[in-house]
K.L.:
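One structure follows; several queries about it will come next.
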Amino acid sequence: MDPILETDRLFFGETELSHAQARRRLSEGLAGADDGELFLERRVSEMLAFDDGQLRTAAHSVSQGFGMRAVSGEFAAYAHGAELSDRALERAAETAREAGKGRSGVLAASPAPANRTLYAHDDPTATPGFSAKVGVLEQIDAYLRAKDPAVAQVSASISAELQAIRILQADGREASDLRPLVRVNVQVTVKRGDRMETGSDGRGGRVPLAEFLTEAQWRASADEALRQALVRLEAVPAPAGEMTVVLGPGWPGVMLHEAVGHGLEGDFNRKGSSAFSGMMGEMVAAKGVTVVDDGSIADRRGSLAFDDEGTPTQRNVLIEDGRLVGYMQDRMNARLMGVAATGNGRRQSYAHQPMPRMTNTFMLAGDRDPAEILASVKKGVYATNFGGGQVDITSGKYVFAASEAYMIENGKIGAPIKGATLIGDGPASMRQVRMIGNDLALDAGIGVCGKSGQGVPVGVGQPTLLMEGVTIGGTAAA
């Protein structure tokens, strides 16, 4: 589908709103303002969930609406609604005009259009058909139950959506996009005696759903979920104390995302509330540490042709060889800080204002072999997967639970451990990096980032890392 033609049809052909009316109301709403836009959105989504041998959920939904924003200085007036009509936009324009009331702002130049395609524009909720999707969920359930007698319960789900957006800028520029997003999850619970453990695997991205429903793909996902659950059956209590920690590649980058990434978003730094505020140009990590946010990688979960303000996404280097060199910016924070927008203005939906957010955030690879890194550790912890965590943006302090981890004894991976919690702060942890692997990997496409009540899809990643002096919370003596 062509994004321009399709959004013309959805927003101006099948509603009570005409293109001319939308442009007129936006012009009225931005009178006296410094910046702003009209964001139009239609989202089609589907969710199928198979649990305990039965299809428990089969949901299909369609939502649409608009958000009109006018910005003046640090103040933004925002109005949104689900009705796409001239009458609704007229009321929104009245609210938006409050931003520029009594002012004579000069509207900022709109971002240049993004002439590129990062993902297919087909609707993943339509193909494959309903029966084919249910058939895959049934096969996953039957496969896992037959594979190991310890399997007690299986859950599998498929989610897909197509988000159509049109962004109208004050100077006449417009941006249209059709954003697919898919995800397949498998969770399995195993039981041995009185002990039960669970493992899970998820895969997704901005790709056709069929790519994840092949037998090879769903079997790999099911096998990984079962492997995790069986490993946890053998896990012993984690030690407590300060020790060397090796983080595996890929999803463990979620710790980097939370403990460091949020602190590099423009709004926190403009307000002085980040642990990295006022440190531009300074060493904030060990040499060799380079952190990048890149929303322009094809097919990735956190990628966008342009952000939710119309600014093309790009590769933004945030920390280079240990030195802080950049923040992630939306248009408002960039203007107030006197820098360029970086394509990081994101919103959950038309009902939310944009703010600086991450896209795909990861650490670049180093030159060390992962086996060499593990072999260098006399005693420590090897963490390959993480569950929940908490971070204080102001201090950078974090607490992360390792959902899969192992002891390292004399350079060898030993027994799996449970209850391991990593405790520290982002800036200090980045300075404690001693070895960086050559095995950079991005996650499998499952990330969702929360900030100020908004959730958006993101990607994370990193190579194998060795950090010294990390505090481990556990129940066994170190």
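Just so we're clear, the structure is a prediction, and the values are computed from it rather than from any experiment.
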K.L.:
Tell me whether Arg227 is salt-bridged to Glu404, with the criterion being a basic N under 4.0 Å from an acidic carboxylate O.
P.N.:
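The answer is yes: the pair qualifies as a salt bridge.
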K.L.:
Taking all atoms of both residues into account, what is the closest heavy-atom pair of Asp443 and Gly459, and its distance?
P.N.:
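Smallest interatomic distance, heavy atoms only, reads OD1-CA, 3.4 Å.
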K.L.:
Tell me if the aromatic rings of His80 and His352 count as close, with their centers under 6.0 Å from one another.
P.N.:
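No, the ring centres sit 6.0 Å or more apart.
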K.L.:
Take Glu161 and Arg301 through the salt bridge (charged side-chain N to carboxylate O under 4.0 Å, His left out) test and state the conclusion after the steps.
P.N.:
CA-CA 12 Å; Glu161 72 171 41; Arg301 182 174 176 85; over 6 Å; no
K.L.:
Can you tell me if Ser176 and Arg166 form a side-chain donor-acceptor pair at under 3.5 Å?
P.N.:
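Yes.
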K.L.:
Should the pair Lys451 and Phe268 be classed as cation-pi, given the thresholds of under 6.0 Å to the six-membered ring centre and 45° from the axis?
P.N.:
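Yes - Lys451 lies over the ring of Phe268, closer than 6.0 Å to its centre and within 45° of its axis.
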K.L.:
If you take all heavy atoms of Val136 and Leu213, which pair is closest and at what distance?
P.N.:
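Smallest heavy-atom distance, with atoms named: CG2-O, 3.8 Å.
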K.L.:
Taking C-beta and beyond as the side chain, do Ile297 and Ser303 meet within less than 4.5 Å on heavy atoms?
P.N.:
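In contact.
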K.L.:
Checking the side chain of Thr117 only, and the main-chain atoms of Tyr119 only, is there a donor and an acceptor separated by less than 3.5 Å?
P.N.:
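Not confirmed, Thr117 side chain does not pair with Tyr119 backbone.
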K.L.:
Is it true that the side chains of Asn185 and Arg183 contain a donor and an acceptor less than 3.5 Å apart?
P.N.:
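Arg183 and Asn185 do have a side-chain donor-acceptor pair below 3.5 Å.
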K.L.:
Closer than 4.0 angstrom, basic N to acidic O: yes or no for Arg347 and Glu309?
P.N.:
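Salt bridge absent between Arg347 and Glu309.
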K.L.:
Test Glu197 against Arg195 for salt bridge (charged side-chain N to carboxylate O under 4.0 Å, His left out), laying out the working first.
P.N.:
CA-CA 7 Å; Glu197 295 290 345; Arg195 184 166 177 178; 3.3 Å; yes
K.L.:
Within 45° of the axis and under 6.0 Å from the centre of the six-membered ring of Phe306, does NZ or CZ of Arg179 qualify?
P.N.:
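Ring-cation test returns yes.
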K.L.:
Decide whether Asp293 and Asn360 meet the rule of one side-chain donor and one side-chain acceptor closer than 3.5 Å.
P.N.:
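No.
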K.L.:
Working note: Leu247 + Gln462, criterion side-chain contact (heavy atoms from CB on, under 4.5 Å); need CA distance, chi angles, decisive distance, verdict.
P.N.:
CA-CA 9 Å; Leu247 301 180; Gln462 66 173 45; 3.3 Å; yes
K.L.:
I'd like to check Leu264 versus Leu324 (side-chain heavy atoms, cut-off strictly below 4.5 Å). Are they in contact?
P.N.:
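Contact flag for Leu264/Leu324 side chains = yes.
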K.L.:
For a side chain to side chain donor-acceptor pair (under 3.5 Å) with Thr464, tell me which candidate from Thr384, Asn438, Asp369, Asp439 qualifies.
P.N.:
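It is Asp439; the other options fail the test.
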K.L.:
For Arg346, is there an ion pair with Asp330 - N to carboxylate O distance below 4.0 angstrom?
P.N.:
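No, Asp330 and Arg346 are not salt-bridged.
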K.L.:
Verify whether one side chain among Asn316 and Gln314 offers a donor that lies under 3.5 Å from an acceptor in the other.
P.N.:
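Looking only at side-chain atoms, Gln314 and Asn316 do form a donor-acceptor pair, the distance falling under 3.5 Å.
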K.L.:
Could you tell me which non-hydrogen atom of Gly266 sits nearest to which non-hydrogen atom of Gln329, and how far apart they are?
P.N.:
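Shortest heavy-atom contact: CA-OE1, 3.5 Å.
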K.L.:
Looking at Asp299 and Arg206, is there a salt bridge between them, counting it only when a charged N and a carboxylate O are closer than 4.0 Å?
P.N.:
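Looking at Asp299 together with Arg206, the answer is no, because their closest N to O distance does not fall below 4.0 Å.
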K.L.:
With the threshold set at 4.0 Å, does a side-chain nitrogen-carboxylate oxygen contact exist between Glu468 and Arg431?
P.N.:
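Answer for the salt bridge query: no.
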K.L.:
Between Leu318 and Val325, is there a side-chain heavy-atom distance shorter than 4.5 Å?
P.N.:
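Counting from C-beta outward, Val325 and Leu318 never come under 4.5 Å.
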K.L.:
Can you tell me how far apart OG1 (Thr244) and CD1 (Ile373) are? Round to the nearest 0.5 Å.
P.N.:
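If I round to the nearest 0.5 Å, the distance is 12.5 Å.
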K.L.:
Taking atom types as modelled, find out whether Ser45 and Ser61 have a side-chain donor-acceptor pair closer than 3.5 angstrom.
P.N.:
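Yes, a side-chain donor-acceptor pair sits under 3.5 Å.
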K.L.:
Hey, does Arg323 have a side-chain heavy atom less than 4.5 Å from the side chain of Met279?
P.N.:
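The answer is no, as the side chains (C-beta and beyond) never meet within the 4.5 Å cut-off.
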K.L.:
Measure the CD-OG distance between Gln169 and Ser110 for me, rounded to the nearest 0.5 Å.
P.N.:
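Going from CD on Gln169 over to OG on Ser110, the span is 4.0 Å.
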K.L.:
Answer yes if the side chains of Arg116 and Thr313 hold a donor-acceptor pair under 3.5 Å, and no otherwise.
P.N.:
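Result is yes, a qualifying pair exists.
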K.L.:
Please say which of Leu230, Ile140, Leu226 ends up in a side-chain contact (heavy atoms from CB on, under 4.5 Å) with Val188.
P.N.:
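Among Leu230, Ile140, Leu226, the one that satisfies the side-chain contact (heavy atoms from CB on, under 4.5 Å) with Val188 is Leu226.
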K.L.:
Is any NZ, NE, NH1 or NH2 atom of the basic residue among Glu409 and Lys412 found under 4.0 Å from an Asp or Glu carboxylate oxygen of the other?
P.N.:
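A salt bridge is absent here (no side-chain N lies under 4.0 Å from a carboxylate O).
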K.L.:
Classify the angle between the aromatic ring planes of Phe400 and Tyr398 as parallel (below 30°), tilted (30 to 60°) or perpendicular (above 60°).
P.N.:
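Rings of Phe400 and Tyr398: tilted, 30 to 60°.
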K.L.:
Are Asp34 and Arg331 within salt-bridge range, i.e. N to O under 4.0 Å?
P.N.:
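No, this pair does not count.
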K.L.:
If you define the side chain from C-beta out and look only at heavy atoms, does anything of Val381 sit under 4.5 Å from Ile417?
P.N.:
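They are in contact (side-chain heavy atoms under 4.5 Å apart), so the answer is yes.
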K.L.:
How about CD on Glu282, more than 12 heavy atoms from neighbouring residues, nucleotides or ligands closer than 6.0 Å, or not?
P.N.:
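Enclosed.
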K.L.:
Applying side-chain contact (heavy atoms from CB on, under 4.5 Å) between Asp177 and each of Ile167, Asp308, Ile165, report the one that passes.
P.N.:
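For Asp177, the side-chain contact (heavy atoms from CB on, under 4.5 Å) check succeeds only for Ile165.
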K.L.:
Under a 3.5 Å distance rule, please check whether Glu46 uses its side chain to pair with a backbone N or O of Ala160 as donor and acceptor.
P.N.:
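Pair absent, no side-chain N/O of Glu46 close to backbone of Ala160.
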